[in-house]
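Structure record follows, encoded as structure tokens.
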2 protein chains.
Amino acid sequence: MPRSSNTPTTKAASVTLATVAQRAGVSPQTVSNALNSPELLRPETLDRVLRTIDELGYRPHRAAQTLRTRSSKLIGYGIRPTAPGVSAPVMDRFLHALSQTAAEAGYRILLFATPPDSAGLDGYEELLDLHSVDGFVLSGTERGDRRQAWLEKRGVPFVAFGRMWSGRQIGDWVDVDGASGTDAAVEHLVGLGHRRIAFLGWPRGSGAGDDRAEGWQRAMQRHGLPVRGRRAQSVDDIGSAQAAVGPLLDAGATAVVAASDMLALGCYHALRERRLLPGTDVAVVGFDDNPMAELLSPGLSSIAQPLEAVGRECVRLLLARMSRAGAPPERVLLEPALVVRDSTSASDD
Amino acid sequence: MPRSSNTPTTKAASVTLATVAQRAGVSPQTVSNALNSPELLRPETLDRVLRTIDELGYRPHRAAQTLRTRSSKLIGYGIRPTAPGVSAPVMDRFLHALSQTAAEAGYRILLFATPPDSAGLDGYEELLDLHSVDGFVLSGTERGDRRQAWLEKRGVPFVAFGRMWSGRQIGDWVDVDGASGTDAAVEHLVGLGHRRIAFLGWPRGSGAGDDRAEGWQRAMQRHGLPVRGRRAQSVDDIGSAQAAVGPLLDAGATAVVAASDMLALGCYHALRERRLLPGTDVAVVGFDDNPMAELLSPGLSSIAQPLEAVGRECVRLLLARMSRAGAPPERVLLEPALVVRDSTSASDD
DNA sequence: TAGGGTTCTTGGAACGCTCCAATGCCTGAG
DNA sequence: CTCAGGCATTGGAGCGTTCCAAGAACCCTA
């Protein structure tokens with residue numbers, strides 16, 4: 001008994017191309033064409049086939065398509081074990097944007113966990129020839145990261161979230177302009193009347209960290225402000241940060257730009273230790289706009305990364321790369337945005 | 001020219017079952033058996049085949065397997081748009097555990113974004129017959145969630161992170177015993193000498209919230225402590241929490257158990273407003289152990305959910321469900337752990 | 001040595017789709 | 001009226017795997 005039409009119901013057992021073809025009175029190939037190359041069909045036929053597809057609730061079987069076309073419409077994304085303290089919420093927003101944008105283009109994100117101890121490339125290889133993923137999105141790129149070279153050698157499309165900080169530039173990437181963020185922070189502080197603006201960064205050698213330091217430095221120099229003696233460094237840990245920022249405060253800094261919210265929080269603690277109030281006595285700016293930033297008191301001004309945009313751009317570049325393989329690499333640098341809160345109120349410098 | 005053996009090199013173009021079979025001098029079917037039903041082969045043959053597989057670096061093609069077996073070894077996981085402020089880091093740790101455990105069993109996680117506005121079921125349906133996912137992991141379950149019933153009706157294996165708070169219990173789930181957590185918090189506070197212990201919860205009606213309230217209440221009653229006038233409620237927002245907890249503090253509470261870290265933070269603010277110190281003057285306990293908890297000063301005692309364990313259990317239950325379809329549902333309730341920090345130091349009640 | 005039961009191995013088909021080449025149909029020119 | 005030529009559609013094969021049933025080799029017993 002034919003199912004009642006016009007209801008794109010759940011398919012009973014399995015509606016295949018052949019089912020549709022039979023019902024529409026055409027050959028299976030024609031149904032395939034209706035979906036993949038509609039311009040080949042006479043409008044009349046096309047319409048009839050599409051209507052039948054709709055009636056039967058037909059959906060092409062991805063595994064069969066993959067087997068035939070050698071393309072899975074899957075994008076691999078390796079999640080690394082969360083380094084505690086590092087921006088976990090970051091990944092969440094990013095992943096969502098990634099997944100959503102990919103879905104709009106008919107792609108899905110296939111997750112794979114990089115075991116904590118592995119060199120990391122096995123996982124990629126496995127995903128590649130097991131699941132025939134069409135490409136990868138990399139994140140958490142580091143200095144001396146071997147993944148880009150490895151993927152390029154194999155001719156696998158990929159996009160990295162995070163530029164390459166050393167060596168030859170390989171492949172497409174999307175990144176956030178950290179220097180521009182800290183530059184804007186200095187600009188903001190100068191506008192509030194600050195002149196003795198310190199920078200609390202990570203130890204030199206981390207790409208992102210040096211980038212953020214550079215933005216502070218150039219903005220300072222642009223305003224003719226001295227940078228000597230106004231800079232300290234600490235690992236991304238609250239205790240160390242608290243200790244490291246001390247000398248800067250004691251040397252009379254009225255504002256601190258930090259390379260991360262964690263470091264900024266170290267400043268808060270160092271200030272409390274000295275019976276000073278963040279925002280009132282000394283301005284503080286963080287980086288990453290961790291959700292906690294707005295919960296602190298006073299709320300921490302911070303530089304927010306446009307994670308949704310990064311996710312979208314990653315997918316866009318990846319799709320572009322997949323469609324025209326040999327094209328010159330494309331690189332996108334996105335602007336972060338300074339979110340002003342109470343930790344940078346008017347200066348009483 | 002035969003490739004140099006004993007090096008599980010990357011496969012040249014595509015090594016298939018047939019390649020291996022020819023090289024090992026057996027039929028394709030025998031190679032398949034070597035992998036799927038090794039007990040059928042004579043040890044000698046098995047060994048030879050396996051060695052050949054190794055030499056050639058052969059990997060079965062998942063799409064072909066999926067097409068034939070109708071099982072993709074894929075587990076679907078729908079990520080919802082992150083409600084800001086809500087436990088984003090939660091998802092990160094959970095996802096990682098999920099992905100890792102699944103990988104160990106030869107499964108992978110296929111992400112799909114639930115568009116913010118959708119009813120939510122289309123995505124599941126699509127994943128189901130497009131990618132032939134073998135099952136789903138649900139999270140962010142809500143009162144009146146229709147997903148469980150929908151999936152069960154279709155006979156699709158699934159596991160939910162979060163029990164069903166209303167209606168008929170459907171399917172397997174893994175959840176964290178919130179009541180046990182708040183109970184333990186009260187126990188801890190009583191041990192420190194507190195007697196006037198208040199509870200700051202969410203508005204009634206949310207399953208998890210009521211559960212957490214109940215743990216506080218039963219522990220109070222067990223110790224013969226009054227609960228009347230010691231309870232307030234607020235939406236999960238820092239300002240509202242601050243306002244809501246005021247009367248409790250003014251009524252002389254010496255400790256507050258909050259249903260979330262956000263609410264606990266509201267307490268911090270309310271205390272500062274009254275020139276009281278959290279931890280010293282009034283003890284505060286949060287829930288979820290958000291990374292920010294240990295960054296606050298004083299560090300916020302909080303109840304940590306065992307997210308890694310939840311992830312592992314979800315996979316375990318799902319695999320079990322897939323293997324023996326009709327079995328009675330299995331439900332796992334995991335114990336959270338109270339993490340003690342400076343916000344609950346010795347009482348000076 | 002023949003028979004019967006194991007144990008191991010094989011050939012053929014099928015999963016649902018898309019590629020390729022070839023067919024039928026129609027129109028317009030010779 | 002016939003035939004070239006373009007367009008719409010079709011048939012057949014094959015992607016790599018596993019299922020099914022049947023075949024070959026083997027060992028033991030009569």
Side-chain angles (χ1 to χ4, degrees), chain A residues 11-50 52-53 56-74 106 126 128-134, chain B residues 11-50 52-53 56-74 106 126 128-134:
Chain A
K11 55 192 189 183
S14 73
V15 181
T16 74
L17 259 193
T19 323
V20 178
Q22 190 175 12
R23 170 99 170 223
V26 294
S27 82
Q29 179 58 39
T30 303
V31 180
S32 174
N33 285 340
L35 291 169
N36 302 316
S37 321
E39 74 280 2
L40 290 181
L41 299 201
R42 207 186 332 157
E44 175 193 318
T45 316
L46 178 60
D47 190 58
R48 180 160 41 99
V49 173
L50 290 182
T52 311
I53 286 176
L56 297 178
Y58 165 73
R59 294 246 183 74
H61 194 286
R62 269 245 49 92
Q65 292 180 310
T66 302
L67 181 57
R68 187 70 251 224
T69 63
R70 327 246 59 179
S71 153
S72 63
K73 295 275 189 181
L74 249 33
E126 202 176 309
L128 208 50
D129 40 50
L130 227 67
H131 288 274
S132 342
V133 293
D134 293 339
Chain B
K11 55 189 187 183
S14 75
V15 182
T16 74
L17 258 193
T19 324
V20 177
Q22 189 176 13
R23 169 98 169 222
V26 294
S27 83
Q29 179 56 37
T30 302
V31 180
S32 175
N33 285 339
L35 291 169
N36 302 316
S37 322
E39 73 282 2
L40 290 181
L41 299 202
R42 208 185 330 157
E44 177 191 316
T45 316
L46 177 60
D47 189 59
R48 181 159 43 99
V49 172
L50 289 182
T52 312
I53 287 177
L56 297 179
Y58 164 73
R59 294 244 184 73
H61 193 289
R62 271 245 50 93
Q65 291 180 311
T66 303
L67 180 57
R68 186 69 248 223
T69 62
R70 327 248 56 181
S71 152
S72 64
K73 296 273 187 182
L74 250 32
E126 203 177 309
L128 208 52
D129 39 48
L130 228 66
H131 288 275
S132 343
V133 294
D134 293 340

**Report entry** Whole-Å distance separating the CZ atom of A/R70 from the P atom of D/dG14
**Finding:** 15 Å
Query raised in the report: For DNA chain D, what residues of residues 39-49 of chain A have any heavy atom nearer than 4.0 Å?
Result: A/L40, A/L41, A/R42, A/T45
Query raised in the report: Is it true that a side-chain atom of A/S37 and a backbone atom of A/N33 form a donor plus acceptor pair closer than 3.5 Å?
Result: no
**Report entry** Interface residues of residues 61-69 of chain B with DNA chain C (non-hydrogen, below 4.0 angstrom)
**Finding:** B/L67, B/R68
Requested in this report: Between C/dT18, D/dG16, D/dT18, spot the one nearest the side chain of A/Q29, thanks.
Outcome: C/dT18
Query - 5′-ward residue of the pair A/N36/B/N33 relative to DNA chain C - result: B/N33
Query raised in the report: Under 3.5 Å, is there a donor-acceptor pair between the side chain of A/S132 and the main chain of A/S72?
Result: no
Query raised in the report: Do B/L74 and B/D134 have side chains that get closer than 4.5 Å, going by heavy atoms?
Result: no
Query raised in the report: For A/S27 and D/dT9, is the shortest distance between a side-chain N/O and OP1 or OP2 below 4.0 Å?
Result: no
Query raised in the report: For B/T16, which contact category applies under a 4.0 Å heavy-atom criterion: base, sugar-phosphate, or nothing?
Result: sugar-phosphate
Query raised in the report: Rounding to a whole Å, what distance do you find between A/Y58:OH and C/dG16:C1'?
Result: 7 Å
Query raised in the report: Separation of B/Q22 atom CD from C/dG11 atom P, in whole Å?
Result: 13 Å
Query raised in the report: For C/dT18, does either OP1 or OP2 sit under 4.0 Å from a side-chain N or O belonging to A/S32?
Result: yes
